[in-house]
Amino acid sequence: MTEQSAAPERETLTWDRFGDASRDLARDVIAAGFAPEVVVAIARGGLLPAGAIAYGLGVKNCGAINVEFYTGIGTVLDAPELLPPELDLTYLDGRRVLLVDDVADSGRTLDLAVRLLTGRGADVRSAVIYTKPTTIVRPDFEWKHTDLWIDFPWSWQGSVLEEDAGLPASA
């Protein structure tokens, strides 16, 4: 008899649970007494959570900061890098900003974005759906802790181009 290796266990976020997570995070922000004037997503992973949380908070001013760190499943750059187009940081001067991402894994992307926005004089709080024990920065608001790889409903299949080419999904 041959022993088969089991697929690694993963945290799977469904669309329904994503809705729950977004509403729960919006409630947590309100309960903490923070009233953001602007919601800023860390693209790409934070785009959908930021939009959903902004709706939950009734905030219409939204933006995105583009940061690349993960280049594939478990593969990263030496340091997070800002990508164009750049966010209009002058607009954020003195404003209350909720910075949103999907996960604080290493925390390096979140750390870079928080430092960038607070350096512009913004009053920044951060929110993520998941935190991992490896993060160097604790977000102000988090929905769940996990040490597993996370399959998000918007990204677990990879791009259509990868699918059509028969390539494995990347981050």
Side-chain angles (χ1 to χ4, degrees), residues 8-26 28-29 36 38-57 59 61-87 89 92 97-118 122 124-163 167-171:
E9 187 179 353
R10 292 175 177 243
E11 175 79 28
T12 300
L13 182 67
T14 64
W15 283 112
D16 284 344
R17 292 298 287 159
F18 167 63
D20 295 340
S22 301
R23 300 293 288 185
D24 289 349
L25 284 165
D28 290 347
V29 170
V38 182
V39 174
V40 174
I42 296 177
R44 290 178 309 183
L47 287 169
L48 291 169
I53 292 167
Y55 268 103
L57 294 170
V59 174
N61 291 356
C62 298
I65 184 169
N66 293 292
V67 181
E68 181 179 32
F69 190 43
Y70 277 86
T71 57
I73 295 176
T75 59
V76 297
L77 299 172
D78 291 336
E81 296 179 2
L82 293 176
L83 300 175
E86 293 181 16
L87 179 66
L89 295 173
L92 302 179
V97 176
L98 183 65
L99 179 66
V100 180
D101 205 357
D102 53 356
V103 61
D105 190 339
S106 71
R108 293 173 65 193
T109 299
L110 189 62
D111 181 55
L112 171 70
V114 167
R115 284 187 293 112
L116 181 67
L117 300 182
T118 56
V124 180
R125 302 292 187 285
S126 58
V128 299
I129 297 176
Y130 290 101
T131 56
K132 293 198 174 185
T134 51
T135 186
I136 61 169
V137 171
R138 296 305 285 180
D140 297 289
F141 306 99
E142 54 198 23
W143 184 65
K144 188 174 180 183
H145 299 271
T146 186
D147 60 354
L148 301 175
W149 182 264
I150 305 158
D151 285 335
F152 289 100
W154 52 85
S155 64
W156 72 270
Q157 290 179 297
S159 75
V160 173
L161 294 173
E162 291 166 329
E163 180 182 281
L167 300 172
S170 64

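Only this structure's heavy atoms are used, side chains among them; waters, hydrogens and symmetry mates stay out.
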Can you find a heavy atom in the side chain of Leu13 that is under 4.5 Å from one in the side chain of Asp102?
no
How many angstroms lie between atom CG of Leu25 and atom CH2 of Trp143, to the nearest 0.5 angstrom?
8.5 Å
Given 3.5 Å as the limit, does a donor-acceptor pair link the side chain of Lys132 with the main chain of Leu148, or not?
yes
Minimal heavy-atom distance between Val29 and Pro36, with the atoms involved, is CG1-CD, 4.0 Å
Per side-chain contact (heavy atoms from CB on, under 4.5 Å), Val124 is matched among Leu99, Val38, Val40, Leu98 by Leu99
Any Leu87 side-chain heavy atom under 4.5 Å of Leu92 side chain:
yes
Do the side chains of Thr134 and Asp105 get nearer than 4.5 Å, heavy atoms only?
yes
Decide yes or no for Leu117 and Leu89: does some side-chain heavy atom of the first lie under 4.5 Å from some side-chain heavy atom of the second?
yes
How are the rings of Phe18 and Trp15 set to each other: parallel, tilted or perpendicular (split at 30° and 60°)?
perpendicular
Between the side chains of Arg17 and Asp20, is the shortest nitrogen-to-carboxylate-oxygen separation below 4.0 Å, so that they form an ion pair?
yes
Between the OG1 atom in Thr131 and the NZ atom in Lys144, the distance rounded to the nearest 0.5 Å is 11.0 Å
side-chain contact (heavy atoms from CB on, under 4.5 Å) between Leu116 and Leu82: does it pass, once the steps are laid out?
CA-CA 10 Å; Leu116 181 67; Leu82 293 176; 4.0 Å; yes
Find out whether Val114 and Val137 are in side-chain contact, i.e. whether some heavy atom of one side chain is under 4.5 Å from a heavy atom of the other.
no
Might you point out which heavy atoms bring Phe141 and Asp28 nearest each other, and give the distance in Å?
CE2-O, 3.5 Å
Residues passing the side chain to side chain donor-acceptor pair (under 3.5 Å) test with Asn66, sequence neighbours excluded, are none
Give the minimum heavy-atom separation between Gly107 and Thr135, together with the two atoms involved.
CA-OG1, 3.2 Å
Tell me whether Ser22 contacts the main-chain N or O of Ile53 through its side chain, where contact means a donor paired with an acceptor under 3.5 Å.
no
Between Trp154 and Pro49, what is the shortest heavy-atom contact and its length?
CH2-CG, 3.9 Å
Got a second to check how far Thr12's OG1 is from Phe152's CZ, nearest 0.5 Å?
10.5 Å
Crowding at CZ, Arg125 (>12 non-hydrogen neighbours, <6.0 Å):
yes
Compare every heavy atom of Leu110 with every heavy atom of Pro139, then report the nearest pair and how far apart it is.
CB-CD2, 4.0 Å
So do Val128 and Val103 actually touch side chain to side chain, heavy atoms under 4.5 Å?
no
Can you name the side chain to side chain donor-acceptor pair (under 3.5 Å) partners of Ser126, sequence neighbours left out?
Asp140
For a quick test of reading the model, state the closest non-hydrogen atom pair linking Ala26 to Leu57 and the distance between them.
O-CD2, 3.5 Å
Are Thr109 and Leu112 close enough, and set up right, to give a side-chain contact (heavy atoms from CB on, under 4.5 Å), and what steps lead you there?
CA-CA 5 Å; Thr109 299; Leu112 171 70; 5.8 Å; no
